[in-house]
Protein chains: 4
Amino acid sequence: MARPAAIALKARKQPRQARSQATVDAIFEATIQVLLGEGLQRLTTIRVAERAGVSVGTLYQYYPNKQALLFGVMQRHMERVGAAVEKTMAAVEHTPLATMIPAVIASLVREKTSSIDESRVLYAVSNELGARDLVRAAEKYARARIAEFLATATDARFDDIEMTAYMFFSALNGPLRVALEGGASSKMLSSLRDHLTSLCLGYLEREARPR
Amino acid sequence: MARPAAIALKARKQPRQARSQATVDAIFEATIQVLLGEGLQRLTTIRVAERAGVSVGTLYQYYPNKQALLFGVMQRHMERVGAAVEKTMAAVEHTPLATMIPAVIASLVREKTSSIDESRVLYAVSNELGARDLVRAAEKYARARIAEFLATATDARFDDIEMTAYMFFSALNGPLRVALEGGASSKMLSSLRDHLTSLCLGYLEREARPR
Amino acid sequence: MARPAAIALKARKQPRQARSQATVDAIFEATIQVLLGEGLQRLTTIRVAERAGVSVGTLYQYYPNKQALLFGVMQRHMERVGAAVEKTMAAVEHTPLATMIPAVIASLVREKTSSIDESRVLYAVSNELGARDLVRAAEKYARARIAEFLATATDARFDDIEMTAYMFFSALNGPLRVALEGGASSKMLSSLRDHLTSLCLGYLEREARPR
Amino acid sequence: MARPAAIALKARKQPRQARSQATVDAIFEATIQVLLGEGLQRLTTIRVAERAGVSVGTLYQYYPNKQALLFGVMQRHMERVGAAVEKTMAAVEHTPLATMIPAVIASLVREKTSSIDESRVLYAVSNELGARDLVRAAEKYARARIAEFLATATDARFDDIEMTAYMFFSALNGPLRVALEGGASSKMLSSLRDHLTSLCLGYLEREARPR
DNA sequence: CATGAATGAGGTTTCATTCAT
DNA sequence: TATGAATGAAACCTCATTCAT
């Protein structure tokens with residue numbers, strides 16, 4: 001990655017034709033593959049292009065630079081996971097904590113583990129200069145949304161709801177990250193879901209004041 | 001970083017003269033500084049050497065390659081934190097959970113925040129190919145030690161102590177990492193300690209069976 | 001040349017466009033020129049690239065490393081000389097020694113001296129780690145081919161044909177090498193051809209048993 | 001080897017004390033060892049010093065630079081071989097060719113093979129910029145001496161004695177070099193001596209005119 | 001005299017990016 | 001639009017040599 005500076009990181013063009021869309025998808029998939037097979041350090045634009053079956057030039061038609069490529073992959077992943085969890089949250093709002101929390105956790109774990117490789121490999125990307133801000137922004141939004149969500153619990157009120165949301169969010173993602181980066185087994189992952197529930201509920205019930 | 005492969009990562013020579021020790025310390029400090037000021041991507045051996053006030057050649061007299069440098073910095077940090085927490089653990093073993101857990105959490109938070117910059121910046125390093133294994137090994141040891149530690153609680157027994165230790169460890173480090181990487185305020189950090197205690201105690205008391 | 005190890009030494013890509021072929025040729029020629037003007041010790045990839053009028057990056061598109069470059073130049077030279085001598089050998093097989101030997105010697109001398117500079121300069125390269133094996137293999141093949149060749153003489157048989165071929169080959173190349181490395185005059189070179197003939201025929205006739 | 005330029009290549013000081021002589025000898029031996037074990041490319045002054053059990057600084061007390069070191073090693077080898085052969089030549093001058101030639105060849109082969117490793121490894125050094133001139137000079141002298149020598153044969157006269165000496169010298173060294181560089185077996189070496197004799201005598205008798 | 005820490009120029013190699021075809 | 005050859009800055013690392021101790 002040559003000079004970071006302040007460069008446009010948005011995708012260069014919106015593919016309108018079917019062929020273009022196929023190319024973008026191929027590049028996306030190739031990026032994950034290379035990340036998986038070679039690691040972030042050895043991910044080069046040429047390697048991605050080769051894996052995608054196109055030339056470098058073509059890659060640069062869709063992404064102005066390498067950062068934008070990683071940025072794009074990251075974004076797409078977070079949008080997918082975010083959308084799924086938001087949907088679940090909307091469905092269980094305004095119910096007791098014991099209903100809300102397990103549902104959200106199940107949703108997050110399901111989504112993250114449905115494409116384990118993608119999730120795992122993107123933790124590495126999330127430390128990239130470019131992706132960092134993106135992740136920060138997403139987390140900030142997530143915490144705000146969680147705070148709203150927790151506030152709807154029919155059986156609990158929280159004094160410092162920002163902090164509570166923050167802890168809830170981090171307590172969820174900490175173990176998940178460790179598990180995915182470490183290459184957890186599927187058995188362990190199912191156990192993880194229950195323990196995460198226990199962890200979060202234990203915390204929230206401690207912090208909650210009856211409504 | 002050229003080709004990772006299987007290279008010696010140990011420090012190249014043990015400094016014997018006083019001058020040498022000063023040089024090694026300067027390099028160490030410079031590494032943290034550069035990491036802080038420029039980020040991992042822009043950390044180059046030349047920049048580190050310059051900041052340390054020595055030549056590249058000198059740097060390479062003590063570290064066989066860039067990875068070893070990062071490796072060394074990482075190791076020193078983990079050893080410091082680990083030693084402090086172990087000491088605390090030894091001091092509060094064989095007491096009730098409500099005594100043990102807050103003590104350990106306070107110790108970890110104190111240690112991590114006593115040199116916030118170092119802690120923060122090393123999260124980035126921990127993803128480096130070379131450091132990865134080092135971190136994995138340390139975490140594995142830590143979990144084992146924690147399992148032992150939890151087993152000494154005078155008022156609790158755990159069915160799946162490995163998993164419990166794992167969750168405890170991750171629940172501690174997840175929020176800490178987010179807080180340090182995000183640049184938390186000192187006020188928030190003190191609040192964090194209490195919430196971590198709440199998080200972990202909530203979980204452990206849920207999982208514990210009376211003894 | 002960093003670490004020899006076991007690296008791919010083959011040319012990296014086969015040039016497909018006309019422009020590419022011109023580039024490869026330029027690099028080849030530049031290598032000889034630099035070898036001639038600066039010597040092997042001062043042959044650097046940058047110098048070769050500059051002399052070829054391309055950038056280093058371009059050089060590395062065609063040769064994966066410096067060794068491969070020298071390797072390539074060596075190979076091309078040996079193939080040219082080898083092909084010429086083989087052709088001559090095929091033409092004079094199954095005739096008396098007095099016909100066969102002078103023909104082969106004339107062919108070798110002609111070929112080596114047709115591009116004196118190239119020949120001369122490549123003796124230095126032949127000691128390079130990478131080229132060494134190449135040369136060994138070529139010599140081994142050459143000796144085997146010579147043994148076959150000598151066996152077809154209509155007026156002679158040899159008891160230890162391998163040793164005889166070995167001596168013939170070395171007796172030819174020893175003086176040639178000294179002459180070329182020392183920068184022999186053209187007059188001396190023509191004289192050399194006759195003396196080489198005398199040297200080899202003298203030896204072979206001594207070793208030969210009538211058929 | 002940094003900048004060749006025109007530097008003094010002579011040994012820096014003549015060791016007068018016994019301890020000094022031992023140091024010089026150790027350095028000499030270490031140079032051969034490193035050459036043998038690592039090759040010319042990986043011969044560094046530090047490695048030589050380490051192997052010799054002294055510090056680099058000490059090495060530089062005796063040799064002004066790396067070239068001088070190689071130069072010195074080369075020279076000592078050539079002087080040893082040269083002295084032995086000269087002695088033999090002096091002993092068999094003024095006798096028939098059939099007496100003179102086998103004696104000289106036996107002497108040369110014996111000397112070169114008495115320390116095969118040293119001989120072998122120094123062929124690589126002989127191509128070094130610095131050593132090159134040294135070798136040239138020695139060869140020139142050798143050829144002149146051989147011409148004188150051949151002129152004393154009681155049963156032969158040569159028309160072009162310079163050329164004859166040149167061929168004789170090269171015919172001897174060509175096969176020897178190939179054999180030593182290739183790592184010949186001792187059985188092959190004894191066979192080599194006879195064939196060299198045959199090669200040289202065959203040539204000389206062809207070129208000789210009766211006296 | 002000996003030591004070995006320090007120097008820094010210079011070598012090899014990679015890779016994001018451009019642009020003529 | 002697609003291609004892939006070309007670019008060249010910049011990274012890592014080595015090693016001959018010096019000099020304070």
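The figures here come from the full heavy-atom set of this structure, side chains too, leaving out hydrogens, waters and symmetry mates. All figures in this text were calculated on a predicted structure; none of them were measured in a lab.
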To the nearest Å, give me how far apart [atom1] ([X]) and [atom2] ([N]) are.
X: A:Leu70; N: E:dT17; atom1: CG; atom2: P; value: 11 Å
X: A:Ile27; N: F:dT1; atom1: CD1; atom2: P; value: 14 Å
X: B:Arg42; N: F:dA9; atom1: CZ; atom2: P; value: 16 Å
X: D:Lys66; N: F:dC15; atom1: NZ; atom2: P; value: 8 Å
X: B:Gln21; N: E:dA5; atom1: CD; atom2: C1'; value: 14 Å
X: D:Tyr62; N: F:dT17; atom1: OH; atom2: P; value: 18 Å
X: C:Phe71; N: E:dT12; atom1: CZ; atom2: P; value: 18 Å
X: D:Glu38; N: F:dT14; atom1: CD; atom2: P; value: 13 Å

Looking only at side-chain N and O atoms, does C:Gln33 offer a donor or acceptor that is under 3.5 Å from a partner on C:Glu38?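 No.
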Pair B:Tyr63-B:Thr45, side-chain donor/acceptor within less than 3.5 Å: no
With a 4.0 Å limit, can you tell me whether [X] has a side-chain N or O closer than that to the phosphate oxygens OP1/OP2 of [N]?
X: D:Ser20; N: E:dC1; result: yes
X: D:Arg47; N: F:dC15; result: yes
X: A:Tyr60; N: F:dT3; result: no

Whether D:Thr58 side chain and D:Val54 backbone form a donor-acceptor pair below 3.5 Å: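 The answer is no, because no donor-acceptor pair under 3.5 Å joins these two groups.
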Without swapping roles, check the side chain of C:Arg47 against the backbone of C:Val34 for a donor-acceptor pair under 3.5 Å. no
From [options], nucleotide with atom closest to [X] side chain:
X: A:Thr44; options: E:dG11, E:dC15, F:dC13; value: E:dC15
X: A:Ser55; options: E:dA2, E:dG11, F:dT3; value: F:dT3
X: C:Thr23; options: E:dT17, E:dT7, F:dA6; value: F:dA6
X: B:Val56; options: E:dT14, F:dA6, E:dG8; value: E:dG8

Hey, which sits more toward the 5' end of DNA chain E by its nearest nucleotide, B:Thr58 or C:Thr58?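 The answer here is B:Thr58.
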Of C:Thr45 and B:Leu59, the one whose closest DNA chain E nucleotide lies more 5':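 Nearest-nucleotide comparison on DNA chain E picks B:Leu59.
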Taking C:Val73 as the fixed residue, which of C:Val125, C:Leu122, C:Val48 is the one that meets the side chain to side chain contact (heavy atoms under 4.5 Å, CB included) rule? C:Leu122
Got a donor-acceptor pair under 3.5 Å from the side chain of B:Gln61 to the base of E:dA5?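 A donor-acceptor contact between them is absent.
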With a 3.5 angstrom cut-off on both distances, give the Watson-Crick or G-U wobble partner of F:dA20, or none if there isn't one. E:dT3
Pairing partner (Watson-Crick or G-U wobble, both distances under 3.5 angstrom) of F:dC15: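 Partner of F:dC15: E:dG8.
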Please figure out whether B:Ile46 or B:Gly57 has its closest DNA chain F nucleotide nearer the 5' end.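 In this pair, the answer is B:Ile46.
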I'd like to know if B:Glu181 and A:Arg132 make a salt bridge, using a cut-off of under 4.0 Å between side-chain N and carboxylate O.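 Result for this pair is yes, salt bridge flagged.
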